[in-house]
Amino acid sequence: MGVLAAVVLQGWAHPVQAQEVEELESYSVSASRVAVPMGAVGSSVTLLTEDDLSRFMGPMGIDAVRHVPGVFLRNSGGMGAVPGITMRGLPVAPMVMIDGVEVNNPGNGDVFNFGYLPMAQIESIEVLRGAQSALYGANALTGVISITTRKGEDLGGMGRVGASYGSHQTMHGYATISEATERYNVFVNAAYYDAEGFSSQNPAWGSEWADDDLYRNQSLMGKSEIMLTDYADLILIGNYLKSKSEYDPGIPDPWTVAQRENVSTSEQGILKSELRLRPTEGIESSIAVGYHQVKNRAIDSFGDRRDESKLLKLDWINEVQLTDAWRLVGGVEWKRAEDRMGDYSMETSSVFVENIVVPVESLHLTAAARYDDNSAYGSETTWRGSFSYGIVDTGFRVKGSYGVAFDAPEIAQLFGTWGNPDLVPEEGRSYDVGFEHSLMDGCLTWGVTWFDVLMEDRIEFMRSTYSYANVDWASRGVESFVQWNCMDDMSVRVAYSHADAERKKVEDDLLFHSPENQLSLLVDKSFLSEALHVAVSALHVGDRETWSGPTDSYVTVDVAARYRIMDGLEVWSRVENLFDETYEEIYGYRTGGFGIFGGVDLEF
């Protein structure tokens with residue numbers, strides 16, 4: 001529903017002043033589940049547009065997410081390795097959605113691996129921080145990451161192909177067919193990624209562990225939007241992801257075997273069918289069916305382990321413009337999650353409503369509430385409110401939000417081998433308040449947001465008891481940015497995040513990978529009448545503490561360049577970790593060091 005356009009409210013991707021919102025037609029969809037002008041959004045949102053993503057010139061969508069304020073993304077090795085993600089310092093994975101379909105593992109709750117999704121399929125990534133259960137239900141306690149795939153467009157031809165090669169014998173290729181008319185559009189993409197990789201094992205454990213870790217990924221994605229009538233559209237989406245990766249055990253345990261080939265495979269299918277209706281002026285309605293299936297397998301010293309789970313979700317969302325100053329959004333949802341290996345399942349029925357009100361000029365208010373009823377853990381009621389107020393003709397805007405949320409126990413946590421059927425849902429509340437100020441006719445923009453999060457009954461695996469238990473957490477901190485756009489062919493963006501997170505009452509079993517401090521820099525510059533584009537990015541991540549030991553801070557610098565030889569033909573090159581920094585995102589797992597990659601893109 002609505003239109004997803006280039007936007008950011010907090011972060012480094014194109015901040016805009018409130019009075020420019022209508023002119024630029026910048027909207028957020030995730031903040032209210034319908035299109036809302038960015039100057040009206042009180043929540044903390046970052047949206048990475050197609051232009052933002054293309055600056056990183058990487059084959060997968062993982063790199064851009066690393067630079068979002070308040071987000072720390074880590075891998076246990078190279079591309080395709082087991083990921084982890086924290087928001088605002090808390091060890092709770094956000095809800096991840098692709099085209100509105102939830103794609104975290106339905107059985108065990110593992111976060112979606114961004115190394116699986118090719119950049120060529122992504123149109124935008126929107127990151128919504130703070131408690132969001134009032135709109136999204138369970139598993140949105142720390143926020144939501146919403147990925148929108150590309151739709152068909154008129155390229156002046158039939159499509160686009162690309163190929164690249166680089167360090168670690170990395171090969172990547174894709175082919176796209178894209179078409180658009182007044183009545184329909186179609187987008188089809190096939191992509192392939194293959195890398196011999198590197199050994200993520202710390203060399204201190206001995207040369208017998210130093211084997212390269214292969215990663216291979218194949219994907220096929222299709223999307224079509226059809227205008228059935230002037231009042232109805234049909235959207236059909238399908239995505240198939242298949243991967244194989246070798247991995248190292250990290251810190252060798254007594255039962256791990258050196259030189260054993262540790263291999264994991266994954267197959268995922270994502271389907272969605274949506275009917276959008278506009279029965280009369282001021283009313284929009286969406287009826288959607290989404291499906292996500294995961295099949296994983298791992299072969300290592302622990303044996304041959306498999307999991308298979310699926311999620312089926314139906315939702316009906318309505319948007320009604322009651323008056324010029326009052327918009328009502330409401331919907332009902334039903335979903336069923338299954339762990340097919342253990343033959344467990346649970347169902348959730350939900351209803352939610354949000355009021356979007358503009359009582360006076362430049363003041364935008366929202367109030368939302370939701371009721372969820374689950375067959376395994378019972379019912380939960382959550383709510384949220386936000387405000388945004390822009391002072392006319394000053395470029396200054398204040399904003400804030402407050403909400404309560406919960407994370408539900410996953411099927412594996414309740415009924416798995418080490419499950420605990422007495423677990424209760426994680427509950428939390430969060431607030432943030434901040435401002436944005438645009439100076440010098442918008443060429444300099446800066447902003448600061450303060451946040452505070454309290455999480456009760458966080459579900460964690462306790463090494464001392466080898467079972468799950470409920471633990472309390474809290475986090476508070478700040479997210480800030482400065483953006484300079486005073487030249488037509490150059491921009492500079494700086495973002496800083498500080499999160500002071502702590503675990504309540506539990507002194508042992510420390511397992512914490514999130515840094516207190518992160519600093520990001522991105523510089524863009526165009527040359528030769530915009531035929532040559534150069535981007536330099538730097539990321540500082542502070543030190544972290546884990547049960548295994550401390551992990552040192554690090555700074556990485558990447559450089560990318562793209563040159564347009566002629567219309568429809570471009571070449572590019574990317575250097576990762578320019579200064580060959582030695583660092584670990586997770587204790588015991590090395591990263592790839594200096595790497596150089598290059599490729600060509602052709603429209604036909």
Side-chain angles (χ1 to χ4, degrees), residues 10-11 44-46 61-76 81-96 103-105 108-115 125 127-133 139-146 405-407 410 426 428-430 432 449 451-461 471-479 495-504 506 509-520 539-548 550-554 583-589 591:
Q10 170 72 39
S44 294
V45 184
T46 299
I62 188 171
D63 293 321
V65 180
R66 297 183 188 276
H67 290 260
V68 174
V71 176
F72 177 57
L73 194 150
R74 60 194 184 273
N75 261 25
S76 57
V82 176
I85 186 168
T86 61
M87 298 182 73
R88 291 181 166 174
L90 294 173
V92 181
M95 176 183 288
V96 181
V103 291
N104 289 354
N105 190 304
N108 59 28
D110 284 351
V111 70
F112 177 77
N113 193 329
F114 289 92
I125 302 175
V127 182
L128 175 64
R129 298 181 290 284
Q132 306 300 331
S133 289
N139 308 322
L141 195 154
T142 59
V144 175
I145 297 179
S146 179
F406 76 103
D407 265 18
E410 304 296 340
E426 305 168 358
R429 61 105 181 111
S430 73
D432 51 50
T449 295
F451 65 85
D452 190 289
V453 185
L454 175 65
M455 183 171 57
E456 298 177 337
D457 295 323
R458 154 74 176 158
I459 300 170
E460 296 188 9
F461 185 77
V471 180
D472 294 347
W473 283 82
S475 179
R476 60 195 59 82
V478 63
E479 297 161 352
Y496 170 73
S497 303
H498 174 80
D500 183 13
E502 60 178 337
R503 200 179 196 182
K504 302 286 190 178
V506 178
D509 287 330
L510 181 64
L511 180 59
F512 197 42
H513 295 287
S514 186
E516 285 192 7
N517 300 292
Q518 286 182 262
L519 180 65
S520 172
L539 180 66
H540 164 78
V541 175
D543 50 10
R544 289 134 286 144
E545 294 286 343
T546 72
W547 61 265
S548 304
T551 306
D552 294 334
S553 62
Y554 60 87
Y583 69 98
E584 296 176 343
E585 294 178 339
I586 296 178
Y587 185 88
Y589 293 90
T591 48

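The first residue of the sequence shown is numbered 1, and numbering continues consecutively from there. Hydrogens, waters and symmetry mates are skipped; everything else that's a heavy atom, side chains included, is used.
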*Asks:* Any sub-3.5 Å donor-acceptor pair from Q132's side-chain atoms to A140's backbone N or O?
*Replies:* no
*Asks:* Would you say the side-chain atoms of S430 pair up with the backbone N or O of A131, donor to acceptor, closer than 3.5 Å?
*Replies:* yes
*Asks:* Which heavy atom of M455 sits nearest a heavy atom of V92, and at what distance?
*Replies:*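 So the two residues come closest at SD-CG2, 3.2 Å.
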*Asks:* So, the side chain of R476 versus the backbone of A474: is there a donor-acceptor pair under 3.5 Å, distance only?
*Replies:*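 Here the side-chain-to-backbone pair does not exist.
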*Asks:* Shortest non-hydrogen contact from N104 to V111?
*Replies:*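 The pair with the smallest heavy-atom distance is OD1-CA, 3.6 Å.
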*Asks:* Kindly say whether E585 contributes a backbone atom to a donor-acceptor pair with the side chain of R544 at under 3.5 angstrom?
*Replies:*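 Confirmed, R544 side chain pairs with E585 backbone.
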*Asks:* Ignoring hydrogens and geometry, is there a side-chain-to-backbone donor-acceptor pair from D543 to T551 under 3.5 Å?
*Replies:*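 The answer is no, because no donor-acceptor pair under 3.5 Å joins these two groups.
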*Asks:* Can you name the closest pair of heavy atoms from A499 and S475 and give their distance?
*Replies:*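 Closest heavy-atom pair between A499 and S475: CB-OG, 4.1 Å.
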*Asks:* Donor-acceptor pair, distance only, cut-off 3.5 Å: does the side chain of R66 make one with the backbone of L73?
*Replies:* yes
*Asks:* Is a side-chain N or O of S133 found less than 3.5 angstrom from the main chain of F406, in a donor-acceptor match?
*Replies:* yes
*Asks:* State, to 0.1 Å, how close R88 and T449 come at their nearest heavy-atom pair, and which atoms those are.
*Replies:* NH2-CG2, 4.3 Å
*Asks:* Between the main-chain N or O of Y583 and the side-chain N or O of T591, is there a donor-acceptor pair closer than 3.5 Å?
*Replies:*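 The answer is yes, because a donor-acceptor pair under 3.5 Å joins these two groups.
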*Asks:* Can you see which heavy atom on V541 is nearest to which on F72, and at what distance?
*Replies:*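 Distance-wise, the nearest heavy atoms are CG1-CE1, 3.7 Å.
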*Asks:* With sequence neighbours left out, what residues match N517 under side chain to side chain donor-acceptor pair (under 3.5 Å)?
*Replies:*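 Once residues adjacent in sequence are excluded, the partners of N517 under the side chain to side chain donor-acceptor pair (under 3.5 Å) criterion are Y496, H498.
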*Asks:* First locate atom OH of Y589, then atom CG of N75, and finally report the distance between them rounded to the nearest 0.5 Å.
*Replies:*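 Interatomic distance, Y589 OH to N75 CG, rounded to 0.5 Å: 11.0 Å.
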*Asks:* Would you check if the side chain of S520 reaches a backbone N or O of A495 as a donor-acceptor pair within less than 3.5 Å?
*Replies:*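 Checking the backbone N and O of A495 against the side chain of S520, no donor-acceptor pair under 3.5 Å is found.
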*Asks:* Is there a donor-acceptor contact under 3.5 Å linking the side chains of T46 and R129?
*Replies:*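 T46 vs R129: donor-acceptor pair found between side chains.
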*Asks:* Holding to salt bridge (charged side-chain N to carboxylate O under 4.0 Å, His left out), I want the full list of residues that pass it with D500, two or more places apart in sequence or in another chain.
*Replies:* none
*Asks:* Can you measure from NE2 (H67) to CG (L539) and round to the nearest 0.5 angstrom?
*Replies:* 5.0 Å
*Asks:* Looking only at non-hydrogen atoms, find the nearest pair between T86 and S514 and report the distance.
*Replies:*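 The pair with the smallest heavy-atom distance is OG1-OG, 3.3 Å.
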*Asks:* Does some side-chain heavy atom of R429 sit less than 4.5 Å from a side-chain heavy atom of D452?
*Replies:* yes
*Asks:* Is any side-chain heavy atom of V453 closer than 4.5 Å to a side-chain heavy atom of L90?
*Replies:*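 The answer is yes, as the side chains (C-beta and beyond) meet within the 4.5 Å cut-off.
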*Asks:* Find the distance between CE (M87) and CD1 (I145) and round it off to the nearest 0.5 Å.
*Replies:* 5.5 Å
*Asks:* What residues form a side chain to side chain donor-acceptor pair (under 3.5 Å) with N139, not counting sequence neighbours?
*Replies:* none
*Asks:* So, the side chain of D432 versus the backbone of E479: is there a donor-acceptor pair under 3.5 Å, distance only?
*Replies:* no
